[in-house]
Amino acid sequence: MNHLNIEQIQQIIPHRHPFLLLDYIEDYEPGKYAVGYKCVTYREDFFAGHFPEEPVMPGVLTLEALAQAGAVTMLSLKENRGKTAYFGGVKNCRFRGKIVPGDKVRLETKIVKYKGPVGIGEAVASVDGKVVVSAELTFMIG
C-alpha cells in the first residue's frame, strides 16, 4: 500500500486550506486509482452557512474531494508532476446520503480512461460502508 500524509499530498496537488479536502491517502497507484479520506469536523468553514441548524457537507464539495483523490492519482505520474488537473465534466452523479460532522468519508476514484490530457474517473464517496455520492468525473491535465 502507498500511503500519503497531508504534506505529501500537498507536494502533488496545488490545493491548500480551506479548499484542500483530503486528510490522507490510504492507498494509490499512479494513473490507476486513489483511496483517500476526509475527516469531517464541526469546525469546517462551510458549516457556518450550510446549514446552521443542520450541518451538512455540500454535495459539490464532496465531488471536489473525489476529484482531488483523482488528481493525486494522475498528478503523481512523472509526466504530470507540477501540472494541474481541471474538472471537465460530471456525469451520472447521485447523492444518496448526507455527510455530517463526525463522519470519516472514504473517497475512491478509479481512472477508467486516459488519452492525451483528458481522462475519466469513476468516483465513490462512502461513510461507514454506505455510498453517499457516486459520479463519473471527466478531467483535463494542464
Side-chain angles (χ1 to χ4, degrees), residues 1-81 83-115 117-142:
M1 290 186 119
N2 294 312
H3 303 278
L4 296 174
N5 63 31
I6 196 71
E7 290 84 14
Q8 293 166 316
I9 292 169
Q10 290 177 338
Q11 291 173 8
I12 297 170
I13 64 175
H15 304 77
R16 298 294 182 265
H17 178 80
F19 214 68
L20 179 57
L21 299 172
L22 296 170
D23 289 322
Y24 66 97
I25 296 291
E26 177 182 75
D27 192 21
Y28 76 105
E29 184 176 339
K32 303 284 185 188
Y33 71 91
V35 178
Y37 287 87
K38 167 73 175 150
C39 300
V40 181
T41 72
Y42 186 74
R43 297 179 55 90
E44 307 287 347
D45 293 334
F46 49 79
F47 285 139
H50 197 270
F51 301 99
E53 287 78 36
E54 182 186 356
V56 176
M57 184 170 174
V60 295
L61 292 183
T62 306
L63 286 174
E64 174 62 28
L66 287 163
Q68 289 179 20
V72 167
T73 302
M74 297 311 300
L75 299 179
S76 60
L77 290 168
K78 284 184 183 181
E79 63 267 25
N80 293 335
R81 297 253 172 170
K83 295 182 180 178
T84 301
Y86 297 99
F87 252 129
V90 178
K91 284 185 176 178
N92 304 319
C93 182
R94 298 289 178 263
F95 297 99
R96 300 171 187 195
K98 293 189 258 183
I99 298 172
V100 298
D103 284 346
K104 181 177 176 182
V105 185
R106 183 178 195 270
L107 304 156
E108 182 174 2
T109 302
K110 295 178 185 175
I111 307 305
V112 295
K113 186 176 182 181
Y114 181 52
K115 186 173 182 180
V118 179
I120 296 173
E122 291 178 354
V124 176
S126 58
V127 175
D128 296 328
K130 180 183 181 258
V131 174
V132 292
V133 178
S134 61
E136 179 183 287
L137 307 177
T138 302
F139 59 87
M140 295 170 284
I141 304 295

Note, Tyr114 side chain near Ile120 side chain (heavy atom, < 4.5 Å): no
Please step through side-chain contact (heavy atoms from CB on, under 4.5 Å) for the pair Glu64 and Phe87, ending with a clear verdict. CA-CA 9 Å; Glu64 174 62 28; Phe87 252 129; 3.7 Å; yes
Atom of Ala48, atom of Pro52 and distance for their closest heavy-atom approach: O-CG, 3.4 Å
Over all heavy atoms of both residues, which pair between Leu22 and Ala69 is shortest? Give the atoms and the distance, please. CD1-N, 3.9 Å
Can you confirm whether Ile9 sits close enough to Ile12 that some side-chain heavy atom of one is under 4.5 Å from a side-chain heavy atom of the other? no
Are Val132 and Arg96 close enough that some pair of their side-chain heavy atoms sits under 4.5 Å apart? no
Short question: side chain of Gln68, backbone of Phe19 - any donor-acceptor pair under 3.5 Å? yes
Which heavy atom in Lys104 sits nearest to a heavy atom in Cys39, and how many Å separate them? CG-SG, 4.2 Å
Quick one: do Leu4 and Tyr24 satisfy side-chain contact (heavy atoms from CB on, under 4.5 Å)? Show the steps, please. CA-CA 6 Å; Leu4 296 174; Tyr24 66 97; over 6 Å; no
With a 3.5 Å distance limit and no angle check, can you tell me whether Asp27 reaches the backbone of Met1 through a side-chain donor-acceptor pair? no
Would you say Lys98 and Glu54 make side-chain contact, with heavy atoms under 4.5 Å? yes
Listing, residues 105-113 side-chain donor-acceptor contacts under 3.5 Å, not counting sequence neighbours, or none:
residue : atom : partner : partner atom : Å
Arg106  : NE   : Tyr37   : OH           : 3.4
Arg106  : NH1  : Glu108  : OE1          : 2.7
Thr109  : OG1  : Leu66   : O            : 2.8

Heavy atoms only: give me the nearest Val133-Phe95 pair and the separation to one decimal. CG2-CD2, 3.6 Å
Lys91 vs Thr138 side-chain heavy atoms within contact, under 4.5 Å: no
At what distance, to the nearest 0.5 angstrom, does NE2 of His17 lie from CD of Gln10? 11.0 Å
Is a donor on one side and an acceptor on the other found under 3.5 Å between the side chain of Asn80 and the backbone of Leu77? no
Below 4.5 Å, heavy atoms only, C-beta onward: do Thr41 and Pro101 meet side chain to side chain? no
Return yes if some donor-acceptor pair links the side-chain N/O of Thr73 with the main-chain N/O of Ala34 below 3.5 Å, else return no. yes
Should the pair Glu44-Lys38 be classified as a salt bridge under the 4.0 Å nitrogen-to-oxygen rule? yes
Under the side-chain contact (heavy atoms from CB on, under 4.5 Å) test, residues paired with Tyr86 that sit two or more places apart: Thr84
Is any side-chain heavy atom of Leu75 less than 4.5 Å from a side-chain heavy atom of Arg81? no
What are the two closest non-hydrogen atoms of Pro55 and Val100, and how far apart are they? O-CG1, 3.5 Å
Correct closest heavy-atom pair for Phe139 and Gly121 would be CE2-N, 4.3 Å
Under the side-chain contact (heavy atoms from CB on, under 4.5 Å) test, which residues partner Asn5, sequence neighbours left out? Glu7, Gln8
Answer whether the closest heavy-atom distance between the side chains of Ile99 and Thr62 falls below 4.5 Å. yes
Please lay out, stage by stage, how Asn2 and Ile25 fare under the test side-chain contact (heavy atoms from CB on, under 4.5 Å). CA-CA 8 Å; Asn2 294 312; Ile25 296 291; over 6 Å; no
Measure the spacing between SG of Cys93 and CG of Leu63 and express it to the nearest 0.5 Å. 4.5 Å
